[in-house]
Amino acid sequence: MGEGPGASQAQWGPTFSWRALDLWNLSIFSRWLGRVQIRRAWGGGSPLYSRGTGACSDSLWGACACSVPGDLSEMPEPGKKPVSAFSKKPRSVEVAAGSPAVFEAETERAGVKVRWQRAGSDISPSDKYGLAVEGTRHTLTVRDVGPADQGSYAVIAGSSKVKFDLKVLEAGKAEPVPGPASAPTEAPGAPGEALASATEVEGGSPSPEGSSSAAPDGPSAPDDPIGLFVMRPQDGEVTVGGSITFSARVAGASLLKPPVVKWFKGKWVDLSSKVGQHLQLHDTYDRASKVYLFELHITDAQTTFAGGYRCEVSTKDKFDSCNFNLIVHEAIGPGDLDLRSTFRRTSLAGGGRRISDSHEDAGTLDFSSLLRKSSSFRTPRDPKLEAPVEEDVWEILRHAPPSEYERIAFQHGITDLRGMLKRLKGIKRDEKKSTAFQKKLQPAYQVSKGHKIRLMVELADPDAEVKWLKNGQEIQMSGSKYIFESIGTKRMLTISQCSLADDAAYQCVVGGEKCSTELFVKEPPVLITRPLEDQLVMVGQRVEFECEVSEEGAQVKWLKDGVELTREETFKYRFKKDGQKHHLIINEATLEDAGHYALHTSGGQALAELIVQEKKLEVYQSIADLTVGAKDQAVFKCEVSDENVRGVWLKNGKELVPDSRIKVSHIGRVHKLTIDDVTPADEADYSFVPEGFACNLSAKLHFMEVKIDFVPRQEPPKIHLDCPGRKPDTIVVVAGNKLRLDVPISGDPAPTVIWQKTITKGNKIPAGPAPDADAAGDSGASDEWVFDRKLLCETEGRVRVETTKDRSIFTVEGAEKEDEGVYVVTVKNPVGEDQVNLTVKVIDVPDAPAAPKISNVGEDSCTVQWEPPAYDGGQPVLGYILERKKKKSYRWMRLNFDLLRELSLEARRMIEGVVYEMRVYAVNAVGMSRPSPASQPFMPIGPPSEPTHLAVEDVSDTTVSLKWRPPERVGAGGLDGYSLEYCREGCSEWVDALQGLTERTTMLVKDLPTGARLLFRVRAHNVAGPGAPVTTKEPVTVQEILQRPRLQLPRHLRQTIQRKVGEPVNLLIPFQGKPRPQVTWTKEGQPLAGEEVSIRNSPTDTILFIRAARRAHSGTYQVTLRIENMEDKAELVLQVIDKPSPPQDIRVIETWGFNVALEWKPPQDDGNTELWGYTVQKADKRTMEWFTVLEHYRRTHCVVSELVIGNGYYFRVFSHNTVGPSDRASTTKEPVFIPRPAIKYEPPSYKALDFSEAPSFTRPLVNRSVIAGYNTTLCCAVRGSPKPQISWFKNGLDLGKDARFRMFSKQGVLTLEIRKPCPFDGGVYVCRATNLQGEAQCECRLEVRVPQ
């Protein structure tokens, strides 16, 4: 329901294909508006095509649409929540125990993958659950419902998820279960009546309230337990010029804030930007019923308003939408033809799509619909539905000034104004045939940037002067940019190295006439040389995406999740250009900034993902409680994940101020508090609070007061530890931290302290005390036994022992795995000894796991598997973290935020055709291990889509010929080939028509059973496997079809075919006919004979081939096509031509002065074609160097002039035809001498003649109309002898003494120049010529116009 005509108009994309008609329309609009700017249908985007500063008005609802490769219809709109994929959602139900429960959902379109879930787990078909799919309807059946089935369920389609509940009642309390398709309850007070019409039409039957929906108000209105709508807008119908209102009601009882409602036409056209004369939006709130009412009111409806609409309502945590249609009826009477509809762009009002051959055009002129409408005049219509009589737009345009055309077109809904103006111009006056041009410029030209273009016109007068203008300015010849050429009547302008500056309007001016054209310069596609990289940042960090393109200064578009980022959002996003590099900068990233960012150019796109994580502080080592004695040092130390984090130390909740005894340090990630000379006052609770985080690390300092009791001398030594049973305590320390064992001792005299580490043999360190006499009996039961002890006595270094009078301190700086074990502390004095075993366990982060393995690679997903680490660090592994990166990138991106418990993960949201690598971390209580080695590189690849345009090309008794086109989407895996299968009608077993794959898109399937009805299907294959098949729509019957023979003679063979002697002749003639026709060739009615002429026939054509043509091959050839008693014939005329023979009998007729007269006869052989002429050459007898005198001379006699007296000359003549000049020339046998004159020249005497003549005008004055303020001239030509005297008059007044007029006379051409004439200079001008023989005069009328 959401994909109405508006939806199809909203599709567009980065690569635009304008057909020749579009260029014509573009040139039309550029002349109308001056410049063109086409924007997206939904507004707010960058211009798709712009020139100058003009802009196409987007107030008209008919969106301008361009085709885009690929499907952008699912792209979310800026700032909008995604549209629900469900047209009908399942509802929560209550059923009795033991009964079945049925849930139904309907999707917007068929083929959508739908998943059913319960408690977050997918439901699969079983004895308990039944899943069914029928078109767009999806059904879940829960059989034999019991108390265990009660709970929450969900259905998922794409990014839409709908939750519903199942409540199980006891058998006695069961209530009727509403069916999945139950109708809404009727309104109280009107039982038995259906809901009122959803629309209100002016002039029809309006409802009392004027609302489009008559659903009842108040609490009795039907409630949607899942959606937000109380009443949804319904489909409506309206007549052109009428009004209609759509209403939507939203329950507001449970809403803290008013809901946000948006109205759309199609999918993406937001109607809030179209509010004006034809559209109003209203909203009210009823406090009594707590219901919001939202209304869409359309007035003066037009046919372009028809289509699909959508209403979206959203709150803080809910979203719902509803689709409805508007149908606009034409209201045309027999006497009121709506001619304007002819010039509107075609669109379907009933939810159909507008389809063209290759892309969606901006529309076509539909005159056929106008003719069809006339046939409907016989059907009477309800006068209430007829629109009011419209004004005659032809009359309005005819009497309106040109500046008002645009306003009138917008007011009356005309989208093809140029078409109407063109016809209006024909109404006002008949266009005169051009007298200056034989062939004008084309309406528009298109050229790629950097290429050259040639503009050509043909003139009627080859001597006329031509001017070329660019945007009204004359083009001057400068350098090699513009080249002017003149060949006969052709005038050409060549523009080299076209740039965007050459995109303009050009004119060719000849005299007072001109012709115009538009030149569109198309930029080459901008390619992406370095793509974007995925980024993982924390909240508040700076993000910078960088991409490099092939050209500097290229126009690019940045998009986030398919929505373009415009300059209006510069407060958040910053765009930067640096040569070929483009940057998108986000100064402080937030969680809302996460998503997919794309950069689009005219030649491609780059995509990257931004993941923004909340700023969390991980505590690697917390502070621990301390027990210290007087004058000792207390050190609290903690380690956090961020080394830039500062913090405050607190003592009993109050900030601790450092002094000479209390020191606070911060080195890297370690924060340390040191208290020297501890006193009882230092016993308190200490805390470390990191700045900017809700985190608090606390520990307690215990002061140990040493009481000295009087004991007698000779006290045996004793170790004072809290292990009365002398069982060893296990001390756990993190690897890398400091281990300090503080053992209090006593004894008199002072005992000697010995520290030893027990070296054991076995798999693990013993957890019991050192073996003694009591444990001797159990030693045999253990697989570990002690065989050595290492004495620890160093007082300096990493492992050291310090002993004082009352305590012994064992310290290990930076604990390592080797420090783990059982330490034996022994104190001795002369009185006795004491011994305690201390078990130390060193824990660390796990070892790095092995490289993960990749499997099940799909179009945008794969399965990652790995093994646990060899060593868990002494603590169980809590989970794993997986990271991914592009192979050519250095930035790793985390794929999971929560630890993975399993040893595998299905990774998604990858880009097809990009090579990725994976690595994994192991995490235990101590921390995160080093990363594993990267996995083997892999590339997500999906199978291709189905081939297109599968068609049957030919059928015979045993064969079927098929053809198809490659799939629309091949993917990064390329295309390996196609497989072809067939099966009998009614059978489901498919048989391979060929072994393996074929790369061709045509196939002849042989050895098929005659008369069988077969279905064929074709699949495309690549490395990811086979794609979806395409199947023939109807079964094909394997049977020969009788087709009448028909010769398809090409156009160039219908004329005389000329070939030169020696050239090959290859004449191919296609034909049709089934079964295969019999082909017969004859020449002049006789069968072809000889080996020089060969005939080659195929099932679809015949070829006449002559390897080397001779003159004897000339003649008329006939080809006959015959099938049984049917035949078709054609004739071909072949003319084999050769060079002519030389002229005959050249001779000298006469010699006089410097001239010689020659004569010859035509050649005996003209080469079987028309002679083009002769070439005459002369040669001096002394040098015998030949010089051409005449070329392309048509006559057989000539006179050679300008010869040198006293020299002798030879003459020769060549004959020419289409092939070329004759091989030999005809030459004079004897030289011709030019004699020197021997007599003195005496000039003859002539009788004086009288050349006197009265004046007469050979070219009179002509009437003129000029513009005031520009110099003008009046010209005429006169003859007479003696030279006549010239006088100029205006309205009878002599102009000889007026300084504003200048008179010229040159070679009989008389000119009167009028400087900057004004309207008062108009009138009758007379030119009078007078001499002794008489006088003559001519006059003209001059009109001076004032510019408007």
Side-chain angles (χ1 to χ4, degrees), residues 487-488 490 1052-1067 1083-1084 1090-1093 1104-1117 1132-1204 1207-1234:
I487 302 176
K490 296 181 180 179
H1052 67 279
L1053 297 182
R1054 298 175 187 176
Q1055 305 171 357
T1056 301
I1057 307 164
Q1058 287 188 347
R1059 293 291 186 272
K1060 297 179 182 179
V1061 172
E1063 289 184 346
V1065 179
N1066 190 359
L1067 307 181
K1083 177 184 177 185
E1084 308 293 349
E1091 299 180 354
E1092 297 180 356
V1093 181
L1104 171 67
F1105 180 74
I1106 303 175
R1107 185 174 301 277
R1110 293 188 294 107
R1111 293 278 292 274
H1113 295 145
S1114 301
T1116 302
Y1117 291 80
L1132 295 85
V1133 179
L1134 177 62
Q1135 183 181 6
V1136 181
I1137 59 179
D1138 196 3
K1139 293 181 180 179
S1141 62
Q1144 305 179 72
D1145 300 338
I1146 182 172
R1147 59 193 181 92
V1148 178
I1149 301 176
E1150 185 182 359
T1151 301
W1152 73 96
F1154 308 100
N1155 308 309
V1156 173
L1158 301 176
E1159 187 180 38
W1160 61 89
K1161 294 180 180 180
Q1164 185 177 2
D1165 181 12
D1166 59 1
N1168 201 21
T1169 183
E1170 180 186 1
L1171 288 177
W1172 282 10
Y1174 303 92
T1175 299
V1176 182
Q1177 294 181 342
K1178 67 177 180 180
D1180 193 341
K1181 180 181 177 182
R1182 291 176 297 178
T1183 61
M1184 289 306 294
E1185 293 183 4
W1186 294 95
F1187 297 93
T1188 301
V1189 178
L1190 298 172
E1191 281 187 306
H1192 304 294
Y1193 190 72
R1194 306 285 295 186
R1195 301 177 182 176
T1196 58
H1197 55 82
C1198 69
V1199 176
V1200 181
S1201 305
E1202 299 181 1
L1203 300 177
V1204 178
N1207 289 357
Y1209 289 92
Y1210 287 96
F1211 299 91
R1212 67 180 183 184
V1213 180
F1214 291 90
S1215 54
H1216 286 260
N1217 65 3
T1218 305
V1219 181
S1222 57
D1223 294 332
R1224 295 179 295 105
S1226 180
T1227 310
T1228 56
K1229 298 180 180 179
E1230 299 294 337
V1232 179
F1233 290 93
I1234 307 302

Audit row: Y1117, K1083, side-chain contact (heavy atoms from CB on, under 4.5 Å) steps and yes/no: CA-CA 4 Å; Y1117 291 80; K1083 177 184 177 185; 3.8 Å; yes
Can you see which heavy atom on [X] is nearest to which on [Y], and at what distance?
X	Y	value
Y1209	V1204	OH-N, 3.1 Å
I1137	Q1058	CD1-OE1, 4.1 Å
L1134	H1113	CD2-O, 3.6 Å
R1059	V1065	CG-CG2, 3.8 Å
G1167	N1217	CA-ND2, 3.9 Å

Under 3.5 Å donor-acceptor, E1063 side chain and K1060 backbone: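 At least one qualifying donor-acceptor pair exists.
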Worked check of side-chain contact (heavy atoms from CB on, under 4.5 Å) between N1155 and V1199: CA-CA 7 Å; N1155 308 309; V1199 176; 4.0 Å; yes
Can you tell me how far apart [atom1] ([X]) and [atom2] ([Y]) are? Round to the nearest 0.5 Å.
X	Y	atom1	atom2	result
Y1210	T1228	OH	OG1	7.5 Å
D1166	S1222	CG	OG	12.5 Å
L1053	L1104	CG	CG	10.0 Å
I1057	S1114	CD1	OG	11.0 Å

Would you call [X] and [Y] a side-chain contact if the rule is heavy atoms closer than 4.5 Å?
X	Y	result
L1067	L1132	yes
V1189	Q1177	no
F1233	L1203	no
T1169	Q1135	yes
V1200	F1211	yes
H1216	E1191	no

List the residues meeting salt bridge (Lys or Arg N to Asp or Glu O under 4.0 Å) with [X], not counting sequence neighbours, and say none if there are none.
X	result
R1194	E1170
E1159	R1147
R1107	none
D1180	R1182

Would you mind writing out the side-chain donor-acceptor pairs for residues 1138-1145 within the sub-3.5 Å range, not counting sequence neighbours?
{"from": "K1139", "atom 1": "NZ", "to": "D1223", "atom 2": "OD1", "distance (Å)": "3.3"}
{"from": "S1141", "atom 1": "OG", "to": "Q1164", "atom 2": "N", "distance (Å)": "3.3"}
{"from": "S1141", "atom 1": "OG", "to": "D1165", "atom 2": "N", "distance (Å)": "3.0"}
{"from": "S1141", "atom 1": "OG", "to": "D1165", "atom 2": "O", "distance (Å)": "3.3"}
{"from": "Q1144", "atom 1": "NE2", "to": "P1162", "atom 2": "O", "distance (Å)": "2.9"}

Derivation of the side-chain contact (heavy atoms from CB on, under 4.5 Å) call for L1190 and T1175: CA-CA 6 Å; L1190 298 172; T1175 299; over 6 Å; no
Is it true that, when you exclude [X] itself, more than 12 heavy atoms of the residues, nucleotides or ligands shown sit nearer than 6.0 Å to its [atom1]?
X	atom1	value
F1105	CZ	yes
E1202	CD	no
R1111	CZ	yes

Within residues 1167-1198 or reaching into it, pairs that qualify as ring pair (Phe, Tyr, Trp, His ring centres under 6.0 Å) - sequence neighbours excluded: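 Qualifying pairs: W1160-Y1174.
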Stepwise side-chain contact (heavy atoms from CB on, under 4.5 Å) check, I1234 with T1151: CA-CA 8 Å; I1234 307 302; T1151 301; 4.1 Å; yes
